Amino acid sequence: MSKKFQWAVLIVGLIAFFILQRWLVNAVDQLIMDAVNHLDQVVAGFAQGWANG
C-alpha cells in the first residue's frame with residue numbers, strides 16, 4: 001500500500017466517521033425524546049388512574 005492510498009483511506013474514514021457520528025447522535029436524541037414522551041404518558045396515565053381509582 002502506498003502512502004497516498006493510506007492517507008486517502010484515513011481521510012475518507014474520518015469523514016464517514018463524522019457523518020455517522022452526527023447521524024447517530026440525532027438518532028439517539030430521537031430515541032431518548034420518544035422514551036421520555038412515552039414515560040410521561042405512562043406516568044400521567046398511572047397518576048390519573050390512581051387518582052380516579
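Since we're looking at a predicted model, the values are computed, not measured. Computed from heavy atoms alone, side chains included, the values below leave out hydrogens, waters and symmetry copies. Throughout, residue positions are numbered sequentially from 1 according to the sequence presented.
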(Q) I need the single residue from L20, V25, N26 that forms a side-chain contact (heavy atoms from CB on, under 4.5 Å) with R22. Which is it? (A) N26
Q) Same cluster or not: are I15 and W23 linked, directly or through other Ile, Leu, Val, Met, Phe, Trp or Tyr residues, by side-chain heavy atoms under 4.5 angstrom apart? A) no
Q: Measure the spacing between CD1 of I32 and CG of N37 and express it to the nearest 0.5 Å.
A: 12.0 Å
Q: Taking the side chain as every heavy atom from C-beta outward, state whether H38 and D34 have any atom pair closer than 4.5 Å.
A: no
Q: Any chance you could measure F17, atom CZ, to L24, atom CG, to the nearest 0.5 Å?
A: 9.0 Å
**Q.** Distance (rounded to the nearest 0.5 Å) between L10 CG and K3 NZ
**A.** 10.5 Å
Q. Looking at CG of L14 and CD of Q21, how far apart are the two atoms once the value is rounded to the nearest 0.5 Å?
A. 10.5 Å
